[in-house]
Number of protein chains: 2
Amino acid sequence: MGRWQPDAQGRFVRAALELFAEHGFEATTVAEIAARAGLTERTFFRYYTDKREVLFDGQDMFADALVSGIREAPADAAPVDAVAAALVSVGELFPPERHAFARTRQRAIEANPALGERELGKLAASAAAMAQALRDRGVAEPTASLAAELGMVALRVAFARWTAGDGERTLTELMTEALAELRATAA
Amino acid sequence: MGRWQPDAQGRFVRAALELFAEHGFEATTVAEIAARAGLTERTFFRYYTDKREVLFDGQDMFADALVSGIREAPADAAPVDAVAAALVSVGELFPPERHAFARTRQRAIEANPALGERELGKLAASAAAMAQALRDRGVAEPTASLAAELGMVALRVAFARWTAGDGERTLTELMTEALAELRATAA
DNA sequence: GTCTATAGTGCGATAGAC
DNA sequence: GTCTATCGCACTATAGAC
């Protein structure tokens with residue numbers, strides 16, 4: 001047992017989440033997060049480019065799931081249906097066990113505008129990745145980008161409902177429902 | 001020393017835009033912006049809570065136009081049509097004379113992720129204001145929020161096209177077109 | 001690991017407008 | 001005189017350079 005306890009990133013994330021819940025994002029210093037994680041400030045910035053980024057650790061999986069969901073959709077599926085498949089693929093990343101964590105994290109993000117902005121940026125990047133995956137299937141612009149944007153709206157709305165609720169309904173269910181509502185509103 | 005020269009904010013905005021175009025957002029210090037504007041760093045932070053905010057000066061008009069566009073839409077208009085009216089109302093804020101400025105500003109924002117995040121945050125706030133205006137007309141949830149989100153997607157896409165182009169087509173035109181494309185994609 | 005530039009804040013002083 | 005925009009100074013925390 002050396003001087004390295006395992007799972008440095010996991011400890012940073014948990015420490016940050018606890019402290020943000022206790023004192024708020026701005027009132028929490030990186031030094032405090034590092035201390036609680038049993039690491040140094042310098043190490044924190046080795047893993048994360050800035051203080052906000054610690055709440056977005058491992059979010060690549062998010063965009064990856066969207067992209068592979070689109071890739072694996074039937075070749076003859078319409079763009080919006082491929083997007084619907086992508087949402088299902090993301091839903092599988094968030095089984096009921098992750099509900100409590102997601103809820104705490106979402107509370108922290110909603111409590112602070114700076115974190116909200118970062119989240120919007122990440123989601124916009126995911127939408128861009130989805131649009132690219134659609135173009136790779138032969139979907140032309142502007143349809144590819146617009147279908148991806150529709151998917152992101154549904155995803156955001158569904159995620160907010162999922163984390164606001166008690167977890168009875170699955171995220172996948174809520175996403176499919178949100179997309180249907182969105183299409184009805186547009187019609 | 002013109003300590004009392006008029007239009008402090010306008011000078012800050014122009015100075016910032018010039019410097020961001022010349023050296024980029026991150027390589028520009030607030031001290032440099034203040035110096036070019038003939039003011040001090042401390043005064044900059046009297047007007048803006050942070051460095052990014054200078055590029056979003058006077059953007060309340062944006063959300064205000066959306067809200068009043070919805071208020072002034074015919075009482076029997078469907079939610080999406082009220083949103084379409086809101087977009088027209090915003091389009092009127094951006095006559096051809098503003099194209100060059102909008103283009104320069106958009107270039108700066110697109111060149112820096114931090115500025116992009118801030119823009120997304122502002123647009124999300126505008127969408128929330130639109131949704132509230134729709135609820136005030138008696139539109140129920142989730143339709144109000146979803147219609148507002150549809151409008152924001154159209155607005156973003158249209159604005160990107162407008163600032164990417166040469167200004168031949170009006171922003172209003174592009175917005176109406178983008179909303180129609182979006183509805184077609186959803187159908 | 002250490003050092004430093006810069007963002008951003010609090011408080012108080014000052015210079016002008018009225 | 002009052003009111004308010006601007007400025008000066010001291011300070012902390014972030015983030016990057018060395």
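Proteins get letters first, then strands, A, B, ... in listed order; numbering begins at 1 in each.
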Side chain to side chain contact (heavy atoms under 4.5 Å, CB included) partners of B:Ala77, counting only residues at least two apart: B:Pro74, B:Asp81, B:Arg137
Take atom CD of A:Glu53 and atom P of D:dA15, then tell me their distance rounded to the nearest Å. 10 Å
Do B:Arg183 and B:Glu177 meet the salt-bridge criterion of a basic N to acidic O distance under 4.0 Å? no
In whole angstrom, give the distance that lies between atom CG of B:Asp50 and atom C1' of C:dT9. 13 Å
Separation of C:dG10 C1' from B:Phe45 CZ (nearest whole Å): 14 Å
Interatomic spacing from CE in B:Met130 to CG in B:Leu150 - rounded to 0.5 Å: 9.5 Å
Nucleotide C:dA7, atom P - distance to CG of B:Asn112 in whole Å: 13 Å
side-chain contact (heavy atoms from CB on, under 4.5 Å) between A:Val153 and B:Val153: does it pass, once the steps are laid out? CA-CA 9 Å; A:Val153 170; B:Val153 170; 4.1 Å; yes
I need the residues from residues 18-29 of chain B with at least one non-hydrogen atom less than 4.0 Å from DNA chain C; give them sorted by number, or say none. B:Thr28, B:Thr29
Let me check the geometry of the helix from C:dG1-D:dC18 to C:dC18-D:dG1. What is the bend angle between the axes at its two ends, five pairs each, to 10°? 20°
Sidechain N-carboxylate O distance under 4.0 Å for A:Glu110, A:Arg156: no
Integer-rounded Å distance: D:dA5 P and B:Arg11 CZ: 14 Å
Write down the distance between CZ (B:Arg52) and C1' (C:dG8), rounded to a whole number of angstrom. 12 Å
Sequence neighbours excluded, the answer for salt bridge (Lys or Arg N to Asp or Glu O under 4.0 Å) partners of B:Asp136 is none
B:Lys122 with B:Glu117: basic N within carboxylate O range, under 4.0 Å: no
So, with a heavy-atom separation below 4.0 Å from DNA chain D, the residues of residues 30-43 of chain A are A:Val30, A:Glu41, A:Arg42
Residue pair A:Trp162, A:Thr172: steps toward the side-chain contact (heavy atoms from CB on, under 4.5 Å) verdict: CA-CA 10 Å; A:Trp162 190 57; A:Thr172 304; over 6 Å; no
In this structure, how many angstroms lie between the P atom of D:dT14 and the CZ atom of A:Arg118, rounded? 14 Å
Other ILVMFWY residues reachable from A:Phe20 by side-chain steps of under 4.5 Å: A:Phe12, A:Val13, A:Leu17, A:Leu19, A:Phe25, A:Val30, A:Ile33, A:Leu39, A:Phe44, A:Phe45, A:Tyr47, A:Tyr48, A:Val54, A:Leu55, A:Phe56, A:Phe101, A:Ile109, A:Leu115
Hey, is A:Arg52 close enough to A:Glu119 for a salt bridge, meaning N to O under 4.0 Å? no
Side-chain N or O of B:Tyr47 closer than 4.0 Å to phosphate OP1/OP2 of D:dA5: no
Whole Å only: how far is the CZ atom of B:Phe44 from the P atom of C:dT9? 11 Å
Would you find a donor on one side and an acceptor on the other, under 3.5 Å apart, between the side chain of B:Ser145 and the backbone of B:Pro142? no
